[in-house]
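Residue numbering restarts at 1 for every chain, and letters A, B, ... go by the order of the sequence lines. From a predicted model like this one, the values you see are computed outputs, not experimental measurements.
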There are 2 protein chains.
Amino acid sequence: METGKSSRRKQCILNAVIAALEESDYSSLTVEDIAARAGVGKSTIYRWWKHKSDLVFEAFREQTASVFDLDFNASLDYNLKQQLLKLSCALNHPVGRALLVVMAEHREAAGEFFRQYLLPRREQTRKLIQQAIGQGEIQADYPFELMLDTLYGPIHYQIIFFNRIPDESYIEALVQLVLHPARTP
Amino acid sequence: METGKSSRRKQCILNAVIAALEESDYSSLTVEDIAARAGVGKSTIYRWWKHKSDLVFEAFREQTASVFDLDFNASLDYNLKQQLLKLSCALNHPVGRALLVVMAEHREAAGEFFRQYLLPRREQTRKLIQQAIGQGEIQADYPFELMLDTLYGPIHYQIIFFNRIPDESYIEALVQLVLHPARTP
């Protein structure tokens, strides 16, 4: 079992990661610097994390712990808009930027993050869509896996390639464009 | 004017960048290593490129020089499918992966690449869609800028987050899903 002390130390280390990324980028991030900021030895960090990419994943996980939670009593539109807005915000944060770098560069780490973090969240969204299908709102045979890519994909694309943070009006228009053809006539 | 000799040297350097990225990732890429592989001094590289990110941009530009050209005599569907297939391929190449890392990490460099490389290509696609509108194929008032994001976005998203290379069947389904509601009734 994790003691209070080690949990507090972990928290200090993750705060140090966030502070370091707010000042510089992922390439310049070093375990030495994180250890110095957190007031711990390097070996303490390596006890819990193998590589600095793991620290970025955990910092992102921490920051977004319940951010992407869905509200099954609210509408599909509302949920998707809220989720995309929060995603846009999270990816634009220095920790989110670092996550994009790690995902693009370290395929193995990316696979791990995908399984542990993304898949369970995608599963929740899938349930939300199944609910909308059950309520006769969305066509039962609509290819919604692909539909989800046309919602999440543009957010990443705008941030990485256009250096633009999708705002409420972009997201509103995107959700309308993508959901419209999926609705039951 | 560029002499034949300096043009050949540039080519050697870009080949060295590609070879280095095929063996390792962007983080491990060093100007020293590129210089050694190309058989030139570091100062020769710095005469033309300020930073290793610039070398990645130029290697990507080289590799994809005419890859994304459109055929204005072919259909919109055909053009989009071909372009997305080639994009999928180019981004999955080590040079494309490195480009994604640079775009995610270096916002200034990303802005430069966006203006010089992406915007002119986007302009071509815009013309192709205008042509399809002129031919009565696509609705004139359809928000096609957003539509383009729902085509290009998922390709990047699948590669970065799912570590999957969108293949012909994925792209075929994507283009159908996105173009269908845009067509004139």
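Residues of residues 25-36 of chain A that come closer than 4.5 Å to chain B, counting heavy atoms only, are D25(A), Y26(A), S27(A), ordered by residue number. Residues of residues 61-88 of chain A never come within less than 4.5 angstrom of chain B, heavy atom to heavy atom.
In terms of non-hydrogen atom pairs under 4.5 Å with chain B, the most contact-rich of E105(A), M103(A), H180(A) is E105(A). Note: V101(A) leads V101(A), L91(A), L99(A) in heavy-atom pairs under 4.5 Å with chain B.
Partners of Y152(B) by ring-ring contact (aromatic ring centres under 6.0 Å, His included), not counting sequence neighbours: none found. In this structure F113(B) satisfies the ring-ring contact (aromatic ring centres under 6.0 Å, His included) test together with F57(B), Y117(B), sequence neighbours excluded.
Here the closest heavy-atom approach between residue Q158(B) and residue D149(A) is recorded as NE2-OD2, 2.7 Å.
For the atom pair NE2 (H156(A)) and CD1 (I160(B)), the distance works out to 7.5 Å, reported to the nearest 0.5 Å. To the nearest 0.5 Å, atom CG of residue L146(A) and atom OH of residue Y170(B) are 5.0 Å apart. Note that CG of N163(B) is 10.0 Å distant from CD of E108(A), once rounded to the nearest 0.5 Å.
Contact annotation for V102(A): neither backbone nor side-chain heavy atoms come within less than 4.5 Å of a heavy atom of chain B. Only the side chain of L118(A) comes within contact range of chain B, judged by heavy atoms closer than 4.5 Å.
Taking the six-membered ring for Trp and the full ring otherwise, the centers of F162(B) and F114(A) sit less than 6.0 Å from each other.
Residues F161(A) and L100(B) have side chains in contact (heavy-atom distance under 4.5 Å, counting atoms from C-beta outward). With a 4.5 Å cut-off on side-chain heavy atoms, I155(B) and Y157(A) do not count as touching.
Other residues, nucleotides and ligands contribute only 12 or fewer heavy atoms inside 6.0 Å of the CD atom of E168(A).
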